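A short worksheet on the structure shown next.
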Amino acid sequence: MSQVGEILDSMDYGPAPEAANFANEWLDKHGRKFGHYLGGKWVPAESHFASICPSTGKELAQIGQGSSAQVDEAVKAAREGLKAWTKLGPAGRSRVLYALARQIQKHSRLFAVLESLDNGKPIRETRDIDIPLVARHFYYHAGWARLIETEFPEYENVGVCGQIIPWNFPLLMLSWKIAPALAAGNAVILKPAEFTSLSALLFAEICHQVGVPAGVVNIITGDGETGKAMVAHEGIDKIAFTGSTEVGRILRRVTAGTGKKLSLELGGKSPFIVFEDADVDSAIEGIVDAIWFNQGQVCCAGSRLLVQESIADRFYKKLRRRMESLRVGDPLDKAVDIGAIVDATQLARITELVGTGVKEGAKCFQPKCKFPEGGWFYPPTLLTDVEPSSTVAQVEIFGPVLVAMTFRTPAEAVALANNTVYGLASSVWTQNLDVAHDIAAQIKAGTVWVNCTNQFDANAGFGGYRESGFGRESGREGMFEYLRWRAPYLPAGNLAEIKESPSNGALDRTHKLFIGGKQARPDGGYSISLPVASGGVVEVSRGNRKDIRNAVEAAATAAPAWGAQTGYLRSQILYFLAENMEANRAALETALTDRGGSGDEVTKAIDAALLFAGWADKHEGTVHPVPLRAVTYTRPEVLGVVGVVCEDAQPLLGFVSSVAANLAMGNAVVVIPSRHNPLAAMEMMRVIEASDIPSGVLNIVTGQIDELVPDLAGHAGVDALWCFADAEICEQVEQMSVSNLKQTWCLHGHSLDWTKAPSGEILRRATQLKNIWVPYGA
Ligand code: NAI
């Protein structure tokens, strides 16, 4: 009786442990020692390391450390697997993905427990969120496997995909990588994170059971060294990576110039914005899901709370009270909210960063928590009085730590929200739909959750803006990451060589640069002489680093207003551009023929301006049917400032097509014209002056292309870069793009046949997708 009395007094939870016996039996069955799954067989590892249970500190199993030789073996296996997978065809591949989905559901309990043991996350989350989402991913992509040929007719599979994933959602990240890759007809080599390899190994076993053809799915375990060997391997056609921005940068550098396709899903510092008219209790529960879900080890965790000043004190008070009721403890306890931190190093990093925050002036609140012994735990933490520029407001902590700041006006909320190098996700809380949509449009992030947070579905794209990486996962948009565009290329041809000849007596003429709506002299005052067929030479300005900087500044200043214009207005401006080109036809033709080109290109270029004028108000998003009462829609958004390095084969058509596509989508542009014939672009300068393109929206810098390109590619004010120059220049572009991880589109020396290129891929490259979730319910 006294016991019942005590329970009623304390109202404490009793233990509710999930049994771990199935998972332990599975580990025992393998002797708690694993090799790699390559070519449909288990291959013994050359060396091992321990996988530790974060909640107890005890060893769970010995995991293989994949060597370079084994990566090579995996690539060979995958090449073989690819043949079998291709032979199976869309319907056969779809059946296999469906079988995987079914088996994941059937083994869901084992997966959930194993994942909790290995990662430290609460069983409530693995059971109710991770594993159901994994199954959903395979079901969903079983559909794309079937539809691939009819829905993506202009694309083909990439080949062998190397996939490197982190430890925070081991099986979920595996499914985000493997399901679309297989659906698109590729073979994969996946490397799980060294802390959490077990569920991937169990998945390999499931692949074996359902008869995935040998070599189609290969799982190699190991740490960053194994990852490095994968990234460097010539036989891998694509690298898909989720993890830290630091490693993401390394991968961009290593893959530069190799032609390997790359997608990066990196860190975040996502804002969670609460307006004074928000449903406060819902917002508080939202925060619990935003930052204490998975111990805050979530790339899109709502780690920066921005709360309207008028309600801040009341809100913090409620939040602290809610934090006191959060239960930290054994991840296998079904009534635990916060489990263990994945590893001692991660725990040390969180502890250190919170210490730095306090040293920099933040007030720290942590409820009293009793932790189980032996594991790595950290209490839910709230840091208030944080300056927007302080370390904890800028750096990804990747732990259960919420950093709070206040704002007064919607404009201030947006400024604070965007005050980060990242752009993965965000949450907006308000009962006012006008405010919600207005703010959602202004936040620079790949996902905006309105009055909800951390919602995911296989049918809604996910991925970052800015230094959160590029590429998307899930949905139709995610499929493009595993497909290669069958680009219509022109046959390689030699460029006409124009020999210097005597001047035809025309007045000496030096073309200037075009920056901020005006013709500008180059900073260095130098020029380049180009012999022309009509006689003599034409001087073209030799721009330098300062000219590039001025052009990017002009573009960045003009970009917000241009991006906010309606598609209708942009289309009218492009139609007028086409009209002015027609009026200047003769001069454009001369500019082409003077450097050995054909005047026919003018008509094609005018057609290209008309084409993208037509697209300006038609490239639209979609509404996704997700399994939630929500309108979840995609907005193709402007990239901002786009750099374009033009090709030589079609100096006018290439210039006009890439510029018009970008202008149509609302980007401001800095162009480096064709190395061989910049004259056509110079002539366009005069056409542009006579049209209504606002100052700074289109800037042209001529000069030595290999001097200019590194400056443009490395400039942090450039958001994306299209490079149609030769392969060496493309490599430079990819190398230098690590500065701000801008997305690049390089054709590695091929010349696009713009007249045959369908617009879809071009417009996809000129925009970035934002997914906005707006749940509803009366
Ligand atoms: P990480 O980026 O080092 O590891 C992610 C994956 O990359 C692992 O599979 C790892 O073995 C592999 N890897 C490491 N170095 C590599 C290299 N040079 N080449 C190829 N593969 C390599 O992340 P880590 O060390 O586990 O965590 C460090 C920090 O990264 C965390 O504190 C957190 O801030 C952030 N992080 C972000 C994640 C996200 O989803 N955005 C996920 C995991 C970590």
Side-chain angles (χ1 to χ4, degrees), residues 49 51 54 63-66 68 71 118-121 162-170 172-174 176-177 189-197 199-200 219-233 236 239-255 260 262-270 293-301 303 341-354 376 378 391-392 394-401 420-425 445-447 454 456 462-464 466-471 473 738 741:
F49 59 90
S51 190
I63 305 295
Q65 170 66 26
S68 299
V71 167
D118 204 17
N119 167 281
K121 58 171 71 193
Q163 308 181 308
I164 300 171
I165 57 170
W167 41 259
N168 53 347
F169 293 90
L172 187 58
M173 287 302 103
L174 173 150
W176 281 25
K177 295 280 179 287
I189 303 164
L190 179 127
K191 188 194 86 60
E194 52 272 40
F195 302 135
T196 53
S197 308
S199 53
I219 306 286
I220 187 160
T221 54
D223 62 10
E225 289 303 312
T226 312
K228 263 191 208 165
M230 286 169 67
V231 177
H233 201 292
I236 292 184
I239 293 288
F241 173 78
T242 300
S244 62
T245 297
E246 191 192 344
V247 174
R249 275 189 218 285
I250 297 174
L251 301 201
R252 171 67 292 182
R253 219 172 272 130
V254 175
T255 55
K260 274 197 180 86
L262 179 67
S263 52
L264 300 175
E265 203 266 86
L266 309 176
K269 193 76 187 172
S270 300
F293 171 54
N294 203 25
Q295 298 69 249
Q297 303 167 130
V298 183
C299 49
C300 53
S303 52
I341 302 297
V342 74
D343 182 68
T345 51
Q346 188 63 16
L347 180 60
R349 181 183 149 85
I350 298 166
T351 312
E352 191 190 326
L353 276 166
V354 171
W376 303 307
Y378 198 83
T391 309
V392 287
Q394 293 296 330
V395 171
E396 183 179 43
I397 300 177
F398 227 64
V401 182
T420 166
V421 294
Y422 297 114
L424 196 53
T447 297
N454 277 339
F456 308 100
F462 183 84
R466 300 168 157 185
E467 292 181 31
S468 289
F470 44 78
E473 301 195 277
V738 294
L741 285 169

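All ligand and atom numbering here is 1-based and tracks the order in the structure. It should be emphasised that the depicted structure is a prediction, and the values quoted were computed from it without experimental measurement.
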(message) Give the atom numbers and elements of ligand 1 that come within less than 4.0 Å of a heavy atom of Leu251.
(response) 19 (N), 20 (C)
(message) In the structure I gave you, are the side-chain heavy atoms of Val395 and Arg349 within less than 4.5 Å of one another anywhere?
(response) yes
(request) Between Asp223 and ligand 1, find which residue part has any heavy-atom pair under 4.0 Å and reply side chain, backbone, both or neither. (result) backbone
(request) Only one of Asn454, Asn119, Val342 passes side chain to side chain contact (heavy atoms under 4.5 Å, CB included) with Asn294; say which it is. (result) Asn119
(message) Looking only at distances, can you tell me whether any N or O atom of Val247, backbone or side chain, sits closer than 3.5 Å to an N or O atom of ligand 1?
(response) no
(request) Report yes or no: does Ile397 have a heavy atom closer than 4.0 Å to ligand 1? (result) no
(message) What I'd like to find out is whether the side chain of Glu396 reaches to under 4.5 Å of the side chain of Ser303, using heavy atoms alone.
(response) no
(request) Give the atoms of ligand 1, by number and element, whose distance to some non-hydrogen atom of Gly243 is under 4.0 Å. (result) 2 (O), 37 (C), 38 (C), 39 (C), 41 (N), 42 (C)
(request) Indicate whether atom 30 (O) of ligand 1 is within a distance of less than 4.0 angstrom of some protein heavy atom. (result) yes
(message) Are any of the N/O atoms on Thr242, whether in the backbone or the side chain, positioned under 3.5 angstrom from an N/O atom of ligand 1?
(response) no
(message) Test your reading of the structure: does Glu265 have an N or O sitting under 3.5 Å from an N or O of ligand 1?
(response) no
(message) Regarding Asp118 and Ser199, do their side chains bring together a donor and an acceptor under 3.5 Å, going by distance alone?
(response) no
(message) Any heavy-atom pair between the side chains of Ser270 and Val298 that's under 4.5 Å?
(response) no
(message) Under 4.0 Å, heavy-atom basis, I'd like to know which part of Thr226 is in contact with ligand 1: side chain, backbone, both or neither.
(response) neither
(request) For ligand 1, find out whether one of its N or O atoms is nearer than 3.5 Å to an N or O atom of Gly222. (result) no
(request) Please state whether Phe169 comes within less than 4.0 angstrom of ligand 1, counting heavy atoms only. (result) no
(message) As a test of the contact definition, would atom 26 (O) of ligand 1 count as having a protein heavy-atom neighbour under 4.0 Å?
(response) yes
(request) Tell me which part of Met230 gets within contact of ligand 1: side chain, backbone, both or neither, using heavy atoms under 4.0 Å. (result) neither
(request) Scan Phe456, Trp176, Phe293 and name whichever one has a ring pair (Phe, Tyr, Trp, His ring centres under 6.0 Å) with Phe169. (result) Phe293
(request) Record the part of Gln297 in heavy-atom contact with ligand 1 below 4.0 Å; permitted values are side chain, backbone, both and neither. (result) neither
(message) Are Val71 and Thr226 packed together at the side-chain level, in the sense that at least one heavy-atom pair is separated by less than 4.5 angstrom?
(response) yes
(request) Output the distance between atom CZ (Phe195) and atom CD1 (Ile341), rounded to the nearest 0.5 Å. (result) 12.0 Å
(request) Heavy-atom distances under 4.0 Å are what count here, so tell me which part of Glu194 touches ligand 1: side chain, backbone, both or neither. (result) side chain
